[in-house]
Undergrad: 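For reference, the structure I am asking about is given below.
A, B, ... follow the sequence lines: proteins, then strands. Residue 1 opens every chain.
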Protein chains: 2
Amino acid sequence: MIQLHNDTDVCEELCEHDQIVCLAKAEMLLDEDARQIAETFKILGDPTRIKILHALSKRELCVCDIAAIVDMGQSAVSHQLRLLRGARLVKYRKEGKMAWYSLDDTHISLLLAQGIEHIKHG
Amino acid sequence: MIQLHNDTDVCEELCEHDQIVCLAKAEMLLDEDARQIAETFKILGDPTRIKILHALSKRELCVCDIAAIVDMGQSAVSHQLRLLRGARLVKYRKEGKMAWYSLDDTHISLLLAQGIEHIKHG
DNA sequence: TTATCATATGAACAAATGATCATATATTGT
DNA sequence: ACAATATATGATCATTTGTTCATATGATAA
């Protein structure tokens, strides 16, 4: 569950609609929660990473195949995969010198699908 | 629906797993779609905007109240609301000199909720 | 061991981002 | 008309981001 601010003196500042502001402040996300949520969406906020995630939503792929698929250098893809790993959006397994990447969880597909929905004027 | 690339000569480049890469390329998002999806997520990828959206998910708010709630300047909030409008994440109605903002659609709440789910190790 | 291949990572740099300040627009009240 | 208020926007600037290049790591093959 998201926690609420517990400050008792939340409404010192003057503002137009004191009651509403005070209530809304009490219900506000904690800075840290907002930061983490934004962090996750920020990682989703790049076309290259969207392409990678979309490709991975179909099947497990190794780095060099991803590079070929999204038509970018191995280094660029590897950097992006690092970010995706950091946000727990993808996971990988090592098999010899290859690294096979896949989505970390099925709910990532849902997030992606909702993003697609949105642009399709959903 | 998302369209597929229709290039017939998609697999000229050499790569490790030709079949898979060829198939994956055929299923790949169009650049323009990936760009738009990323654009939407990018807008969600900022703590200030997450806070604004979260506050708006509870109730309609005017600009100066939002500024008080997220504890930022009116100008900064107005700039962010512009971005949120551009991404069709919020809408607003004018009432005299006030502008009352709200989420553009209920599915925005769902997107937000999924982001929250993710950080709560969902 | 040495060469090769798949992947990861650090440095560097151009481009994008977000807050602030000053100012513009538009509505209301006197 | 003039002042006050709510919001919007342009310019500026420090910070962040994403790619590239060079190189490191680590596994396999000769």
Undergrad: If the threshold is 4.0 Å, N to carboxylate O, is there a salt bridge linking B:Asp104 and B:Arg85?
TA: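 No.
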Undergrad: Taking atom P of C:dG10 as reference, at what distance in whole Å does atom CG of A:Leu83 sit?
TA: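 Those two atoms, CG and P, are 13 Å apart.
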Undergrad: Starting at OH of B:Tyr92 and ending at P of C:dA26, how long is that distance when rounded to a whole Å?
TA: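 About 12 Å, once rounded to whole Å.
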Undergrad: Distance check: side-chain N/O of A:Ser75 vs OP1/OP2 of C:dT9, anything under 4.0 Å?
TA: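 A:Ser75 to C:dT9 OP1/OP2: no side-chain N or O under 4.0 Å.
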Undergrad: Please pick, from D:dT7, D:dG18, C:dT9, the nucleotide with the shortest atom-to-atom distance to any side-chain atom of A:Arg85.
TA: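 So the nucleotide nearest the side chain must be C:dT9.
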Undergrad: Can you figure out which of D:dT28, C:dA8, D:dT5 approaches the side chain of A:Lys97 most closely?
TA: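 My answer, after comparing the listed nucleotides, is D:dT28.
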Undergrad: Measure from CG on B:Leu61 to P on D:dA6 and round the result to the nearest Å.
TA: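 Value for this atom pair: 15 Å.
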Undergrad: Would you indicate what A:Lys42 reaches in the nucleic acid, counting non-hydrogen atoms under 4.0 angstrom: base, sugar-phosphate, or nothing?
TA: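 Sugar-phosphate: the residue A:Lys42, judged by heavy atoms under 4.0 Å, touches backbone atoms but no base.
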Undergrad: Assign each of A:Lys94 and B:Glu95 to its nearest nucleotide of DNA chain C by heavy atoms, then name whichever residue's nucleotide is nearer the 5' end.
TA: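 In this pair, the answer is A:Lys94.
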Undergrad: Output yes when a side-chain donor or acceptor of A:Arg49 lies under 3.5 Å from a complementary backbone atom of A:Leu44, and no otherwise.
TA: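 The answer is no, because no donor-acceptor pair under 3.5 Å joins these two groups.
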Undergrad: Without decimals, in angstroms, what is the distance between B:Met72 CE and C:dT20 C1'?
TA: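 B:Met72 atom CE is separated from C:dT20 atom C1' by 9 Å.
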Undergrad: Whether B:Tyr101 contacts D:dA6 is assessed here as follows: a side-chain N or O lying under 4.0 Å from the phosphate OP1 or OP2. Is that the case?
TA: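 The answer is no; no side-chain N or O of B:Tyr101 sits under 4.0 Å from OP1 or OP2.
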Undergrad: Checking contacts here: which listed nucleotide (D:dT7, C:dA8, D:dT19) is nearest the side-chain heavy atoms of A:Val63?
TA: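 Comparing D:dT7, C:dA8, D:dT19 against the side chain of A:Val63, the answer is C:dA8.
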Undergrad: Whole-Å distance between C:dA6 P and A:Leu81 CG?
TA: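 Value for this atom pair: 16 Å.
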Undergrad: Could you go through the side chain to side chain contact (heavy atoms under 4.5 Å, CB included) check for B:Lys120 and A:Asp33 one step at a time?
TA: CA-CA 9 Å; B:Lys120 297 298 174 186; A:Asp33 287 332; 3.4 Å; yes
Undergrad: Taking it one step at a time, do A:His118 and B:Arg88 satisfy side chain to side chain contact (heavy atoms under 4.5 Å, CB included)?
TA: CA-CA 9 Å; A:His118 183 70; B:Arg88 304 196 338 277; 4.0 Å; yes
Undergrad: Which nucleotide sits closest to the side chain of B:Gln74: D:dA8, C:dT7, C:dT9?
TA: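 Nearest listed nucleotide: D:dA8.
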Undergrad: Please determine if a side-chain N or O atom of B:Arg82 lies less than 4.0 Å away from the OP1 or OP2 oxygen of D:dT9.
TA: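 For B:Arg82, the contact criterion (side-chain N or O under 4.0 Å from OP1 or OP2 of D:dT9) is met.
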Undergrad: For a quick test of reading the model: is some side-chain N or O of A:Gln80 closer than 4.0 Å to OP1 or OP2 of D:dT19?
TA: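 A:Gln80 to D:dT19 OP1/OP2: side-chain N or O found under 4.0 Å.
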Undergrad: Look at the side chain of A:Thr48 and decide which nucleotide, out of D:dT19, D:dG18, C:dA19, has an atom nearest to it.
TA: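 Closest of the options to the side chain of A:Thr48: D:dT19.
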Undergrad: Tell me: CG of A:Leu84 to P of D:dT17, nearest whole Å?
TA: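 Checked: the CG to P distance equals 14 Å.
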Undergrad: Has A:His79 got its ring stacked on the base of D:dT19, with centres under 5.5 Å and planes less than 30° apart?
TA: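 No, aromatic ring not over the base.
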Undergrad: CE of B:Met98 versus C1' of C:dG29: gap in Å, rounded?
TA: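 Rounded to the whole Å, the gap is 16 Å.
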Undergrad: Charged N to carboxylate O under 4.0 angstrom, A:Arg59 versus B:Glu27?
TA: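 A salt bridge links A:Arg59 with B:Glu27.
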Undergrad: Give the rounded distance in Å between these two atoms: CD of A:Glu39 and C1' of C:dT17.
TA: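 After rounding, the reported distance stands at 14 Å.
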Undergrad: Looking across every strand, which nucleic acid part, if any, lies under 4.0 Å from B:Ala99 by heavy atom: base, sugar-phosphate, or nothing?
TA: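 Contact class for B:Ala99: sugar-phosphate only.
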Undergrad: State whether a side-chain donor-acceptor pair under 3.5 Å links B:Arg93 with B:Tyr101.
TA: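 There is no such pair between these side chains.
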